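Written out below as structure tokens is the structure these notes cover.
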Amino acid sequence: MRFADIWIGVWCVFEQDDELHLFSLLQFRETKIATVKLKIESAISASYSARMQRHDWNDLKYLLALHREGKLIEAGRKVGVSDTTVARRIKMLEEALATTLFLRSANGRYEPTDAALQILSHAESIEASHAAISAISGESTNRVSGSVRLSAVPVIVNRFLVTQLPLLTRLHPDLSVELVPSSDNLDLSKREADLSVRFARPSDGGMRTKAQKLGEVSFVACAAKSISPEHYESLGWITYDEAHSRLPQARWLESTANSEDLRAGLRVTDVETALQAVVAGIGKTLLPRAVVLSDPRLQAIEPEDCAKFPSREVWMLSHVNQTSRVSITAVKEWLMSLSWH
């Protein structure tokens with residue numbers, strides 16, 4: 001309602017009175033208009049407040065974003081959602097308030113209505129209050145917190161993740177990571193883990209699991225540094241048991257041990273056990289090149305001929321419904337930044 005309309009209404013009320021009434025009205029019109037304006041603004045504010053009580057206050061961030069950016073796509077980028085989500089949330093807000101909040105102009109921009117402008121002032125106050133509360137409590141809106149359960153085979157946990165975990169904890173000090181060393185493929189759909197890192201591309205997981213390649217781990221033959229190099233050739237090969245004989249490094253070791261007729265008399269089921277066996281001087285085997293180079297107890301054998309040794313792909317598995325969790329996103333970004341060579 002415009003205040004000019006209020007003036008016309010009041011004029012009609014006094015139209016039948018004498019000149020004294022007209023003079024009085026003219027003399028005090030500023031006071032009366034100011035009073036009526038205050039009452040209307042109070043009524044509007046109370047009306048919107050009552051309606052907002054029935055709606056999600058989080059929708060205000062979409063209102064602010066569209067007002068500031070002018071277009072749905074840019075507003076969506078601002079709050080980290082799609083343009084269709086912004087449009088849907090604005091529509092829900094309009095229905096809750098029983099009013100139109102934006103009109104699309106000829107140049108394609110969304111312009112706020114008078115009703116939206118009045119709500120925006122309150123929304124900006126709420127936004128400022130939220131930022132102030134976050135500052136007082138010491139919690140930045142960009143700070144990542146929460147707990148993420150990450151599963152991987154023992155050698156990846158112990159030799160890759162643990163050693164590079166300080167990079168993640170320094171970046172996100174409020175984030176807690178639970179590392180689960182396991183050779184079993186934990187079920188992400190049952191929330192046995194939030195993320196999983198595996199050797200080789202997974203063949204299971206279903207439609208609700210997303211797989212992403214992180215890199216490749218190259219293997220190299222190695223022995224304990226405590227053993228003299230002239231004895232390397234006579235060392236037996238530490239191989240894998242029958243259940244793990246299809247692993248790339250297991251096939252290479254079995255073939256080489258047969259051709260050279262050199263066996264250490266020990267079969268293992270995982271890389272971590274093979275590593276400890278090598279350190280103990282039991283024999284030689286294949287280990288990830290990055291692990292050998294970083295462990296002062298190990299010595300690479302024939303490092304100039306690494307091309308003949310196998311390599312294994314490293315894959316990350318995540319649940320498709322976890323994209324909204326910033327804690328999981330932070331851990332995924334960290335995993336993708338790691339060096340696996």
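Because the structure is a prediction, the values reported are computed rather than measured. Atoms considered below: every heavy atom in the structure, side chains included; atoms not considered: hydrogens, waters and symmetry mates.
Taking CG from L214 and NZ from K332, the interatomic distance works out to 10.0 Å, rounded to the nearest 0.5 Å. Atom CD1 of I156 is separated from atom CZ of R159 by 13.0 Å, given to the nearest 0.5 angstrom. From T256, atom OG1 reaches atom CG of D261 across 12.5 Å, with rounding to the nearest 0.5 Å. Once rounded to the nearest 0.5 Å, the distance linking CG of L287 with CD of E272 reads 9.0 Å. Atoms OH and CG, on Y110 and L72 in that order, are 4.0 Å from each other to the nearest 0.5 Å. Note that the CG atom of L235 and the OG1 atom of T285 stand 11.5 Å from one another [nearest 0.5 Å].
Between the side chain of E94 and the backbone N or O of L101 there is at least one donor-acceptor pair closer than 3.5 Å. Using modelled atom types, no side-chain atom of D295 and backbone atom of V291 make a donor-acceptor pair closer than 3.5 Å. Panel note: side chain S82, backbone T85; a donor-acceptor pair is recorded below 3.5 Å. Counting only distance, with no hydrogens or angles, the side chain of K284 and the backbone of Y232 share a donor-acceptor pair below 3.5 Å.
Only one option out of V271, D270, L266 pairs with V268 in a side chain to side chain contact (heavy atoms under 4.5 Å, CB included); it is L266.
In terms of the side chain to side chain donor-acceptor pair (under 3.5 Å) criterion, R77 has no residue partners (sequence neighbours excluded). Every residue two or more places apart in sequence or in another chain was checked for a side chain to side chain donor-acceptor pair (under 3.5 Å) with S327, and none qualifies. Under the side chain to side chain donor-acceptor pair (under 3.5 Å) criterion, D83 pairs with no residue, sequence neighbours left out. For E178, the side chain to side chain donor-acceptor pair (under 3.5 Å) partners two or more places apart in sequence, or in a different chain, are R149. Checked against ring-ring contact (aromatic ring centres under 6.0 Å, His included), F160 has the following partners two or more places apart in sequence or in another chain: W340. Listed by chain and residue number, nothing satisfies the ring-ring contact (aromatic ring centres under 6.0 Å, His included) test with W315 (two or more places apart in sequence, or in another chain).
Within a 6.0 Å radius of CG in L293, other residues, nucleotides and ligands contribute more than 12 heavy atoms. Other residues, nucleotides and ligands place more than 12 heavy atoms under 6.0 Å from the NZ atom of K213.
Between A300 and V292, the closest heavy-atom pair is N-CG1, 3.8 Å. Considering all non-hydrogen atoms of both residues, A224 and V279 come closest at CB-O, 4.1 Å. Nearest heavy-atom pair across T239 and A257 is CG2-CB, 4.1 Å. Minimum interatomic distance between L175 and G146 (heavy atoms only, all atoms of both residues): CD1-O, 3.5 Å. Scanning both residues, P112 and A116, for their nearest heavy atoms gives CB-CB, 3.8 Å. Nearest heavy-atom pair across I301 and V220 is O-CG2, 4.1 Å.
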Discussion item. Walk me through whether L120 and L64 qualify under side-chain contact (heavy atoms from CB on, under 4.5 Å).
Written reply: CA-CA 7 Å; L120 282 164; L64 289 167; 3.7 Å; yes

Discussion item. Using side-chain contact (heavy atoms from CB on, under 4.5 Å), reason through W334 and V177 one step at a time and then give a plain yes or no.
Written reply: CA-CA 12 Å; W334 168 66; V177 179; 5.6 Å; no

Discussion item. Show, in sequence, the C-alpha distance, side-chain angles and deciding distance for L103 and T113, and conclude whether the side-chain contact (heavy atoms from CB on, under 4.5 Å) test is met.
Written reply: CA-CA 7 Å; L103 296 175; T113 62; 3.9 Å; yes

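Among residues at least two apart or in separate chains, ring pair (Phe, Tyr, Trp, His ring centres under 6.0 Å) pairs with a member in residues 246-278 are W237-W252, W252-F309. Among pairs with a residue in residues 277-300, none fulfils ring pair (Phe, Tyr, Trp, His ring centres under 6.0 Å), at least two apart in sequence or across chains. Pairs engaging residues 255-285 under the ring pair (Phe, Tyr, Trp, His ring centres under 6.0 Å) rule: none recorded [sequence neighbours left out]. The side-chain hydrogen bond (donor to acceptor under 3.5 Å, both in side chains) contacts involving residues 62-75 comprise R68-E127, where partners must be two or more places apart or lie in separate chains. Contacts classified as salt bridge (Lys or Arg N to Asp or Glu O under 4.0 Å) and involving residues 217-234 (residues at least two apart or in different chains) are not found. Here salt bridge (Lys or Arg N to Asp or Glu O under 4.0 Å) pairs that include residues 236-252, with residues two or more places apart or in two chains, number zero.
P310 places a side-chain heavy atom less than 4.5 Å from the side chain of L286. Contact annotation: the side chain of R267 approaches that of E254 to within less than 4.5 Å [non-hydrogen atoms, C-beta and beyond]. The side-chain heavy atoms of L338 and V314, taken from C-beta on, include no pair separated by under 4.5 Å. Side chains of S311 and F219 form no contact here, defined as non-hydrogen atoms less than 4.5 Å apart. Taking the side chain as every heavy atom from C-beta outward, L247 and F199 never approach each other to under 4.5 Å. Between L335 and V331 there is a side-chain heavy-atom pair separated by less than 4.5 Å. Taking 4.5 Å as the limit, every side-chain heavy atom of V157 sits out of range of all side-chain heavy atoms of L150.
The hydrophobic cluster containing I328 also contains M336, counting ILVMFWY residues as joined when their side-chain heavy atoms lie under 4.5 angstrom apart, directly or transitively. Placement of I73 and L63 in two distinct hydrophobic clusters is found when ILVMFWY residues are connected by side-chain heavy-atom separations under 4.5 Å, directly or transitively. When hydrophobic clusters are built by joining Ile, Leu, Val, Met, Phe, Trp and Tyr residues whose side-chain heavy atoms come closer than 4.5 Å, directly or via intermediates, V162 is grouped together with L275.
Under a 4.0 Å N-O distance rule, the pair E216/R289 does not qualify as a salt bridge.
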